[in-house]
Enquirer: 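Questions regarding the structure given below will be posed in turn.
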Amino acid sequence: MSIHNQQTKLTIGLFGFGVVGESLYKVLAHTPSLNAQIKKVCIRHPHKKRNAPAELFTTDAALLLNDPEINVIVELIDDPVAAYYIVITALTGGKAVVSANKKLIAENMETLIGLQQQYNVPFLYEAACCASIPVIRNLEEYYDNDLLQGISGIVNGSTNYILTKVTEEKITFATALQQAQAEGFAESNPALDVNGIDAVNKLAILLTHAYGIIVSPSDLIHTGIQNLDENDARFATEKGFDIKLVAKACKQQDGTIAAFVLPQFVAKADQLSTVRNEYNGVVIESSLADKQFFYGKGAGGFPTASAVLSDLSALRYNYRYEYKKLNYQAPASLTTECYLKVCIRFRGILHVPQDRFDSILEWSCNRNHCHVTGILPLSQLTNSDWWKQPGISILLYPDGIFENYEPQRETSDQNLGFVEQLAEAE
Ligand code: HSE
């Protein structure tokens with residue numbers, strides 16, 4: 001579809017009337033300047049009470065997808081399989097599509113880019129990463145790959161809400177999760193938030209627009225906050241840090257990118273430390289401009305609807321992603337050739353796999369658990385899931401990524417002391 005000028009009316013077929021869909025409906029009713037109107041809304045449950053006229057609703061997707069008057073499909077459902085069918089059918093039918101479905105987009109990026117090119121249709125999804133923060137369009141348009149040194153983002157509102165409540169109000173992780181669900185921030189399957197899957201889906205999308213990297217999210221190193229507990233929270237407080245779940249992409253000197261989602265200690269002076277509750281924050285580091293900080297609501301009905309609205313508005317001037325960085329002469333690639341300074345908690349001294357560490361800098365143990373701070377090759381997190389097992393938590397230190405690190409393994413006194421202690425315990 002080509003929407004050539006500001007006069008063209010956007011006639012919208014909306015899929016989903018949940019928190020975001022209903023917010024969009026309300027917002028559009030008060031945005032006449034957009035010249036956009038929802039013609040039909042496709043829903044799954046026809047008997048649920050809706051705050052809109054009954055004649056607006058249908059359960060028949062074909063009614064929207066086959067209507068020649070509808071020139072934009074807005075997809076806001078949380079079923080990625082149904083969403084895939086809707087988006088593919090709409091694009092191949094020549095309709096513009098706006099979606100907030102990060103899982104669908106991250107897992108099918110290559111196909112979706114191909115369809116946009118083949119059918120010459122725009123597919124916009126600013127709401128899929130950090131909701132109200134315009135991060136995708138900025139990475140796409142403003143930051144040249146060569147200048148972009150790194151991205152560090154709190155991109156999942158639910159886990160940030162949970163970490164804030166656990167730290168500040170000293171409530172349990174489970175209670176905080178229930179509150180996040182009640183507020184409507186969490187996914188319908190909250191394990192997607194808690195286990196870092198939502199965050200890694202967003203990181204995969206950001207990597208495409210930042211560096212032209214297309215990667216399956218499941219191939220990126222990631223974990224969430226599922227194994228953190230009050231011992232980690234106490235340890236962080238003692239060190240003067242906050243804990244945040246951070247999605248990171250760091251450019252190395254050879255141009256390769258180290259990328260992962262891990263819980264992280266954040267120093268109080270770091271901008272990410274100011275990001276509380278369901279807010280998101282993204283620090284973009286550029287070689288010339290130093291750091292820029294984007295901050296805003298990363299979840300919830302109106303914040304997400306605001307990004308959808310901005311995409312609809314962009315369609316009015318025929319905006320589409322060009323994916324320019326995919327066509328760079330030397331596209332960036334991912335690397336695991338670097339080292340991390342991490343704190344890992346294990347159930348007890350006998351469970352510490354000290355051979356995974358290059359060196360151990362500090363450790364403390366009691367009868368129940370052991371905190372070990374050490375240097376770990378990033379590649380140690382790719383070859384098995386030992387660090388994700390129940391009872392084990394991992395936290396990256398601030399400035400804890402080293403590219404030019406000299407391995408110490410054979411010489412570290414700290415390691416030797418640790419191994420001796422271990423032998424005694426055995
Ligand atoms: N569950 C997501 C979050 C919603 O908590 O960030 C916004 O993508």
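Both backbone and side-chain heavy atoms feed into the values below; hydrogens, waters and symmetry mates do not. Whatever order the structure lists them in is the order used to number ligands and atoms, beginning at 1.
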Enquirer: Provide the number and element of each atom of ligand 1 under 4.0 Å from a heavy atom of Gly298.
Expert: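 Heavy-atom distances to Gly298 below 4.0 Å select 6 (O), 7 (C).
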Enquirer: Walk me through it: do Thr159 and Asp193 pass the test side chain to side chain donor-acceptor pair (under 3.5 Å)?
Expert: CA-CA 6 Å; Thr159 45; Asp193 295 299; over 6 Å; no
Enquirer: Under 4.0 Å from a heavy atom of Glu187: which atoms of ligand 1 are those, numbered in the order shown and with their elements?
Expert: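 It comes down to these atoms of ligand 1: 1 (N), 2 (C), 4 (C).
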Enquirer: Where does Thr304 meet ligand 1, judged by heavy-atom distances below 4.0 Å: at the side chain, the backbone, both, or neither?
Expert: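 Within the 4.0 Å criterion, Thr304 makes no contact with ligand 1.
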Enquirer: Taking only heavy atoms of Asp193 into account, list the atoms of ligand 1 that are under 4.0 Å away from them.
Expert: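 It comes down to these atoms of ligand 1: 1 (N), 2 (C), 3 (C), 5 (O).
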Enquirer: Should the pair Phe294 and Tyr143 be assigned to parallel (<30°), tilted (30 to 60°) or perpendicular (>60°) ring geometry?
Expert: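 Phe294 and Tyr143: perpendicular rings.
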Enquirer: Indicate whether the side chain of Thr175 and that of Thr172 have a donor and an acceptor atom separated by less than 3.5 Å.
Expert: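 The criterion, which ignores hydrogens and geometry beyond distance, is satisfied for Thr172 and Thr175.
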Enquirer: Ala186 versus ligand 1: do any nitrogen or oxygen atoms come within less than 3.5 Å of each other?
Expert: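 Looking only at distances, the answer is no, because the N/O contact criterion of under 3.5 Å is not met.
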Enquirer: Write out the residue and atom name of the closest protein heavy atom to atom 8 (O) of ligand 1, then the distance separating them to 0.1 Å.
Expert: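 The protein heavy atom lying closest is Lys102 NZ, 2.6 Å.
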Enquirer: Has ligand 1 got any nitrogen or oxygen that is less than 3.5 angstrom from a nitrogen or oxygen of Phe185?
Expert: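 Yes.
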Enquirer: I need the atoms of ligand 1 closer than 4.0 Å to a non-hydrogen atom of Asn156, numbered in the order shown.
Expert: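 That gives atoms 2 (C), 3 (C), 5 (O), 6 (O) of ligand 1.
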Enquirer: Per the ring pair (Phe, Tyr, Trp, His ring centres under 6.0 Å) rule, which among Tyr405, Tyr397, Phe357 passes with Tyr339?
Expert: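 Going through Tyr405, Tyr397, Phe357 one by one, the ring pair (Phe, Tyr, Trp, His ring centres under 6.0 Å) with Tyr339 is satisfied by Tyr405 alone.
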Enquirer: Specify the protein heavy atom at minimum distance from atom 5 (O) of ligand 1: its residue, its atom name, and the distance to 0.1 Å.
Expert: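 The closest heavy atom on the protein side is Ser158 OG, 2.6 Å.
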Enquirer: Is the Phe346 ring parallel, tilted or perpendicular to the Trp386 ring (thresholds 30°, 60°)?
Expert: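 Phe346 vs Trp386 ring planes: parallel.
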Enquirer: I'd like to know if Lys341 pairs up with Glu362 as an ion pair, taking the criterion as any Lys NZ or Arg NE/NH1/NH2 lying under 4.0 Å from an Asp or Glu carboxylate oxygen.
Expert: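 Looking at Glu362 together with Lys341, the answer is no, because their closest N to O distance does not fall below 4.0 Å.
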Enquirer: Residues two or more places apart in sequence or in another chain: which of them pass side chain to side chain contact (heavy atoms under 4.5 Å, CB included) with Cys250?
Expert: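 Counting only residues at least two positions away or on another chain, Cys250 forms a side chain to side chain contact (heavy atoms under 4.5 Å, CB included) with Lys248, Gln252, Ile401.
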Enquirer: Report, in ascending order of atom number, the atoms of ligand 1 lying under 4.0 Å from any heavy atom of Gly157.
Expert: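 Near Gly157, the atoms of ligand 1 are 3 (C), 5 (O), 6 (O).
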Enquirer: Would Gln179 and Lys165 count as having a side-chain donor-acceptor pair, cut-off 3.5 Å?
Expert: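 No, no side-chain donor-acceptor pair sits under 3.5 Å.
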Enquirer: Strictly under 4.0 Å, does any heavy atom of Glu278 approach an atom of ligand 1?
Expert: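 The answer is no: ligand 1 sits nowhere under 4.0 Å from a heavy atom of Glu278.
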